[in-house]
There are 2 protein chains.
Amino acid sequence: MPDIENVSLLRLREFLPYRLSVLSNTISTRIASLYDREFGLSIWQWRVMAVTGDRPGISATEIGQLTAMDKVAVSRAIAAMIQMGYLERKTSETDGRRSQLFLTPAGRDVYELIVPMALGAEQELASSLTEDEQKQLEHLMGKLADAASPDRPLW
Amino acid sequence: MPDIENVSLLRLREFLPYRLSVLSNTISTRIASLYDREFGLSIWQWRVMAVTGDRPGISATEIGQLTAMDKVAVSRAIAAMIQMGYLERKTSETDGRRSQLFLTPAGRDVYELIVPMALGAEQELASSLTEDEQKQLEHLMGKLADAASPDRPLW
DNA sequence: GTCAAATAGTTACATATGAAACTAATAGTT
DNA sequence: AACTATTAGTTTCATATGTAACTATTTGAC
């Protein structure tokens with residue numbers, strides 16, 4: 001009794017999770033090379049800089065929540081950036097476990113340069129889409145994020 | 001002369017490359033846990049299986065091209081899957097450098113199980129979108145992929 | 001106040017990953 | 001045929017990353 005001939009219905013290159021992953025990696029890698037080349041920052045360090053510039057005094061845990069990084073990655077990025085002279089850490093007066101993070105003047109300088117650069121890159125990317133398409137994308141990503149959210153029933 | 005107050009224009013959480021990355025990672029991690037839990041396959045191994053099942057006799061280099069993996073990752077995934085008894089390698093008769101890869105019967109068995117599972121997961125994901133939205137997504141990803149393609153002028 | 005449990009963050013260890021060097025085979029040039 | 005350049009794939013090494021264990025501090029129950 002021969003097996004039914006397997007006609008593959010799965011073409012990896014059309015597989016949504018795969019395509020999303022390739023797309024996202026392409027974009028991330030491209031942008032990361034900017035930060036790295038110009039300022040020697042990794043993508044994680046850039047994320048830490050982005051939120052710390054926006055919220056001086058933020059704690060490591062909060063950075064993790066805002067950037068979707070785990071606490072080890074946050075801790076390492078912070079350590080490196082203190083080394084580089086871009087970040088400063090104080091211990092919270094009301095809670096000795098908590099650290100409060102601030103950009104140093106040098107860090108602030110980089111921040112002021114990097115933000116327009118990041119926005120420019122995003123612009124460049126987004127401008128390949130029409131206004132309408134940008135709104136669509138917004139909407140679709142929201143729906144997919146919901147559907148994939150970890151607190152939904154298992155697939 | 002005080003600095004101009006910096007009103008941050010960058011909200012990381014609204015930053016497109018960041019959002020794409022988080023979304024893609026969420027989905028990948030979720031799916032990877034399926035393959036891993038059920039069959040002990042990593043995401044790379046699953047990709048190798050997907051294309052080898054579809055094109056028996058494929059070479060490592062071709063796998064790399066079809067899966068957007070670099071040759072080291074392909075080599076390692078293949079080695080592991082041969083170990084596991086899922087893959088078989090022959091040396092091409094016409095080119096001694098080239099290997100030809102085939103799923104073993106055991107590998108084929110897993111393939112037959114994993115493909116419907118993968119398609120199911122994608123279904124689940126895609127079904128959070130309407131038909132129309134799915135087409136939009138298709139279209140938007142294509143445009144973004146073009147815009148981010150590495151052989152375009154640097155940002 | 002004392003002690004167990006929770007929280008913030010770091011360190012240690014084991015594994016994953018990428019770049020570059022390497023091996024083996026083929027192709028192309030003379 | 002001999003020699004160089006190219007290609008397929010593997011190995012090595014240095015770095016990145018995640019999990020779990022750990023330290024320090026605070027919170028809450030008693």
Side-chain angles (χ1 to χ4, degrees), chain A residues 21-22 24-26 28-30 32-33 35-37 40-48 51-52 55 57-84 87-102 150, chain B residues 21-22 24-26 28-30 32-33 35-37 40-48 51-52 55 57-84 87-102 150:
Chain A
S21 161
V22 171
S24 161
N25 285 341
T26 304
S28 288
T29 304
R30 193 103 193 253
S33 77
Y35 303 146
D36 183 31
R37 201 175 49 227
L41 290 180
S42 75
I43 236 181
W44 311 111
Q45 290 163 5
W46 137 246
R47 287 191 186 172
V48 167
V51 297
T52 309
R55 306 194 178 188
I58 194 173
S59 73
T61 301
E62 288 164 340
I63 291 177
Q65 290 161 351
L66 289 174
T67 58
M69 292 166 66
D70 78 76
K71 63 181 182 170
V72 178
V74 173
S75 172
R76 290 200 261 241
I78 289 171
M81 292 172 76
I82 290 174
Q83 266 295 311
M84 296 179 197
L87 263 193
E88 196 174 10
R89 170 166 37 203
K90 299 179 184 167
T91 298
S92 162
E93 287 174 8
T94 61
D95 183 343
R97 294 165 304 181
R98 218 154 168 296
S99 57
Q100 298 187 291
L101 297 159
F102 303 88
Chain B
S21 161
V22 171
S24 161
N25 284 342
T26 304
S28 288
T29 304
R30 192 101 193 254
S33 77
Y35 303 146
D36 184 32
R37 201 176 49 225
L41 290 180
S42 75
I43 236 181
W44 312 110
Q45 291 164 3
W46 138 244
R47 287 190 186 174
V48 167
V51 297
T52 308
R55 307 193 177 189
I58 194 172
S59 74
T61 302
E62 288 164 341
I63 291 177
Q65 290 161 351
L66 289 173
T67 58
M69 291 167 66
D70 77 76
K71 63 180 181 171
V72 178
V74 172
S75 172
R76 290 200 261 242
I78 289 172
M81 291 171 76
I82 289 175
Q83 266 295 314
M84 296 178 196
L87 262 194
E88 195 174 10
R89 170 165 38 203
K90 298 176 184 168
T91 298
S92 162
E93 289 174 7
T94 62
D95 184 342
R97 295 165 302 182
R98 217 153 168 297
S99 57
Q100 298 187 292
L101 297 159
F102 302 88

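Numbers restart at 1 for each chain; the letters A, B, ... are given by sequence-line order, proteins then strands.
Base-pair partner of C/dT26: D/dA5 (Watson-Crick or G-U wobble, both distances under 3.5 Å).
B/R55 CZ: 12 or fewer foreign heavy atoms inside a 6.0 Å radius.
Atoms CZ and OG, on B/R89 and B/S59 in that order, are 11.5 Å from each other to the nearest 0.5 Å.
The nearest pair of heavy atoms linking A/A60 to A/I78 is CB-CD1, 3.8 Å. Considering all non-hydrogen atoms of both residues, B/Q45 and B/G40 come closest at OE1-O, 3.7 Å. Scanning both residues, A/V48 and A/A77, for their nearest heavy atoms gives CG2-CB, 3.8 Å. Residues A/F102 and A/G57 approach most closely at CE2-N, 3.5 Å, considering heavy atoms.
No donor-acceptor pair under 3.5 Å is formed between the side chain of A/S75 and the backbone N or O of A/K71.
No engagement by A/S42 is indicated, since no non-hydrogen atom pair under 4.0 Å with the nucleic acid exists.
Between A/W44 and A/D95, the residue anchored closer to the 5' end of DNA chain D is A/W44, taking for each the nucleotide with the nearest heavy atom. For A/D70 and A/G96, each mapped to the nucleotide of DNA chain D holding its nearest heavy atom, the one lying further toward the 5' end belongs to A/D70. With the nearest nucleotide of DNA chain C identified for both A/A60 and B/S92, A/A60 has the one nearer the 5' end.
B/D36 is linked by a side chain to side chain donor-acceptor pair (under 3.5 Å) to nothing, counting only residues two or more places apart in sequence or in another chain.
Along DNA chain D, the stretch of nucleotides lying under 4.0 Å from any heavy atom of chain B spans, 5' to 3', D/dT6 to D/dT12. The nucleotide range of DNA chain C contacted by chain B, defined by atoms under 4.0 angstrom from heavy atoms of the protein and reported 5' to 3', is C/dT17 to C/dT26.
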